[in-house]
2 protein chains.
Amino acid sequence: MRELPVQLATKLYGAAELIADQGLDNTKIDDIAEASGVPKATLYYYFTGKEEILAFLLKDLLTAIAGDVAVAVNAEGPASERLAGVVRAQLGVMLRNPAPCRALVGDLGRATRLPELAAALSAAFYEPVEKLLREGAEDGSLRRAEDPMSEAVMIFGTVTIAGLMEAIMGAHREMDAIANGVARLLLDGLAPRTTGAAGA
Amino acid sequence: MRELPVQLATKLYGAAELIADQGLDNTKIDDIAEASGVPKATLYYYFTGKEEILAFLLKDLLTAIAGDVAVAVNAEGPASERLAGVVRAQLGVMLRNPAPCRALVGDLGRATRLPELAAALSAAFYEPVEKLLREGAEDGSLRRAEDPMSEAVMIFGTVTIAGLMEAIMGAHREMDAIANGVARLLLDGLAPRTTGAAGA
DNA sequence: CAGATGTTGTACTTAGAGTACAAACTCATA
DNA sequence: TATGAGTTTGTACTCTAAGTACAACATCTG
């Protein structure tokens with residue numbers, strides 16, 4: 001894949017909604033060309049096909065998430081608070097980019113099949129969160145996990161599905177309300193607590 | 001879609017792995033015919049196309065999950081224990097049917113686009129769990145949720161991603177170990193508890 | 001200005017989804 | 001056992017849309 005100009009990359013987002021709505025295989029390359037304003041011949045100059053176009057969009061999204069998540073992970077404060085920050089960060093990116101986010105989740109299979117994307121996903125999320133879980137065990141703000149990696153994956157699942165639901169439904173709730181709900185579930189769990197750990 | 005013979009339905013599962021590996025659009029109808037042993041002409045006699053074949057497989061999976069989840073929801077005991085049972089039920093079906101399960105998650109987009117599947121998903125999971133959350137608030141074994149529906153969705157996400165990870169990696173851990181990890185995260189949360197609520 | 005590299009229109013090839021249809025087969029029942 | 005309805009399947013077909021080829025034009029770099 002050739003290095004592609006910023007202006008072109010920007011235009012591609014115009015097709016994200018289309019792909020998210022219809023799925024990649026119901027979307028014709030000509031439709032993508034029309035929706036993005038980039039001629040078909042140009043698309044093929046930069047990409048080998050539809051799949052690669054979607055992969056580009058998704059990788060871009062994951063990079064954005066990775067950036068915001070990294071900031072949250074490396075912030076000040078106890079790990080539990082930083083974890084809440086991670087949740088806010090991921091949901092923030094998802095709600096700001098609903099179309100690519102829907103496309104990503106709608107095509108999770110593709111994402112797991114393309115090694116490049118799987119790696120990006122891992123770097124964007126699993127690794128930082130896993131690190132955070134370890135730090136939480138150190139500073140005492142989180143319990144010690146038996147299997148931090150699989151907990152990190154579950155956390156990703158929880159946040160992603162919550163974000164997706166909002167993206168599909170058109171985000172009728174405020175971002176903070178959603179993030180608080182997710183953080184509360186993750187930190188406090190569903191069982192009642194006598195001593196609350198995460199505030200509302 | 002015509003009423004289809006049991007024997008044929010069974011054969012179709014032979015193609016599930018193929019679809020899960022490659023994704024639906026990289027799988028030729030002729031490949032499905034070959035892998036399942038059902039001739040292409042017969043496939044078109046019963047289905048209008050690829051999409052409908054996948055939809056059938058997924059609906060079947062969701063029906064299986066719905067059945068097991070219903071049993072767990074309506075069991076004896078406090079809601080918190082029954083919720084752990086729900087987790088075990090869903091993971092059980094997923095680990096017993098890794099291929100359709102991967103195909104489902106790989107094509108979540110399609111699943112949300114096909115109304116019939118969305119309805120099946122809702123009936124299979126969201127509604128029973130939502131009910132369970134309400135009952136837990138009554139019997140005191142679960143805290144009262146502000147928004148039971150969205151919590152149900154998050155729970156589904158957590159369990160699904162955990163199950164998917166195992167399905168992709170080839171289930172190296174025992175089902176019970178996975179289920180316990182998930183249940184612990186959901187019930188107890190990540191923050192340390194002085195008074196444990198869910199056992200290991 | 002020259003050449004390299006990027007951009008796009010147009011015309012083409014080709015894979016594979018889905019259709020048409022007839023022959024054969026199954027099975028109930030008159 | 002003959003008749004006919006529904007099922008099963010092979011073969012041959014159509015047609016959409018993915019992807020390729022290529023030439024003309026644009027833009028940028030030295």
Side-chain angles (χ1 to χ4, degrees), chain A residues 1-60 103 106-107 109-111 113-114 116-117, chain B residues 1-60 103 106-107 109-111 113-114 116-117:
Chain A
M1 196 182 106
R2 254 171 254 259
E3 178 79 27
L4 84 169
V6 190
Q7 206 198 339
L8 201 157
T10 315
K11 283 187 180 177
L12 284 180
Y13 281 87
E17 187 138 4
L18 199 64
I19 296 173
D21 282 344
Q22 310 184 333
L24 187 62
D25 41 333
N26 295 322
T27 309
K28 287 175 272 200
I29 265 277
D30 296 276
D31 294 344
I32 296 177
E34 194 182 354
S36 64
V38 180
K40 177 172 150 171
T42 308
L43 289 175
Y44 277 107
Y45 181 73
Y46 284 105
F47 302 100
T48 63
K50 287 206 280 188
E51 189 123 325
E52 219 179 72
I53 296 175
L54 180 61
F56 164 78
L57 286 172
L58 300 188
K59 204 175 162 203
D60 216 46
D107 258 301
R110 218 179 299 269
R113 247 174 284 124
L114 300 176
E116 197 189 15
L117 278 183
Chain B
M1 196 181 105
R2 252 171 257 258
E3 178 79 27
L4 86 168
V6 189
Q7 207 198 337
L8 200 157
T10 315
K11 283 187 179 177
L12 283 180
Y13 281 87
E17 187 137 4
L18 199 65
I19 296 174
D21 283 344
Q22 310 183 336
L24 187 62
D25 41 334
N26 295 322
T27 309
K28 286 173 274 200
I29 253 290
D30 296 275
D31 294 344
I32 296 177
E34 195 181 353
S36 64
V38 180
K40 177 172 149 171
T42 308
L43 289 176
Y44 276 107
Y45 181 72
Y46 284 105
F47 302 100
T48 63
K50 289 207 277 190
E51 188 122 327
E52 218 181 71
I53 296 175
L54 179 63
F56 164 78
L57 286 172
L58 299 188
K59 205 178 162 199
D60 217 45
D107 257 302
R110 218 179 298 270
R113 246 174 286 123
L114 300 176
E116 198 189 13
L117 279 181

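The chains referred to below are lettered A, B, ... by the order of the sequence lines, with proteins before strands, and numbering in each begins at 1.
Whole-Å rounding puts the K28(B) NZ to dA18(D) C1' distance at 14 Å. One atom, CG of D25(B), and another, P of dG18(C), lie 12 Å apart when rounded to the nearest Å. Going from atom OH of Y44(A) over to atom C1' of dT10(C) covers 15 Å, rounded to whole Å. Regarding D30(A), its CG atom lies at a distance of 12 Å from the P atom of dG9(C), rounded to whole Å. One can place CD of Q22(B) at 11 Å from P of dG16(C), the figure rounded to the nearest angstrom. We find that CD of E51(A) is positioned 14 Å from C1' of dG19(D), with the value rounded to whole Å. Atom CG in L8(B) sits about 12 Å away from atom P in dT7(D), given to the nearest Å. Rounded to whole Å, atom C1' of dA17(C) lies 16 Å from atom CG of L54(B).
I53(A) contributes atom CD1, which lies 4.5 Å from atom CG of L43(A) (distance to the nearest 0.5 angstrom). Here the straight-line distance linking atom NZ of K40(A) with atom CG of D30(A) works out to 4.5 Å at 0.5 Å rounding. Atom CG of residue L57(A) and atom CG of residue L12(A) lie 6.0 Å apart, to the nearest 0.5 angstrom.
Under 4.0 angstrom from either OP1 or OP2 of dT8(D) there lies no side-chain N or O belonging to Y45(B).
The closest donor-acceptor contact from the side chain of D60(B) to the backbone of F56(B) lies at 3.5 Å or more, if one exists at all. Side-chain atoms of K50(B) do not come within 3.5 Å of backbone N or O of I32(B) as any donor-acceptor pair.
When each of dT8(D), dG10(D), dA17(D) is scored by its nearest atom to the side-chain atoms of A41(B), the top-ranked nucleotide is dG10(D). The nucleotide whose nearest atom lies closest to any side-chain atom of K50(A) is, among dT8(D), dT7(D), dA18(D), dA18(D). The T42(A) side chain lies nearest to dT8(C) when the options are dA17(C), dG19(D), dT8(C). Side chain of K40(B), nearest nucleotide from dA17(C), dT8(C), dT7(D): dA17(C). Comparing dG10(D), dA18(D), dT8(C) against the side chain of P39(B) picks out dG10(D) as the nearest.
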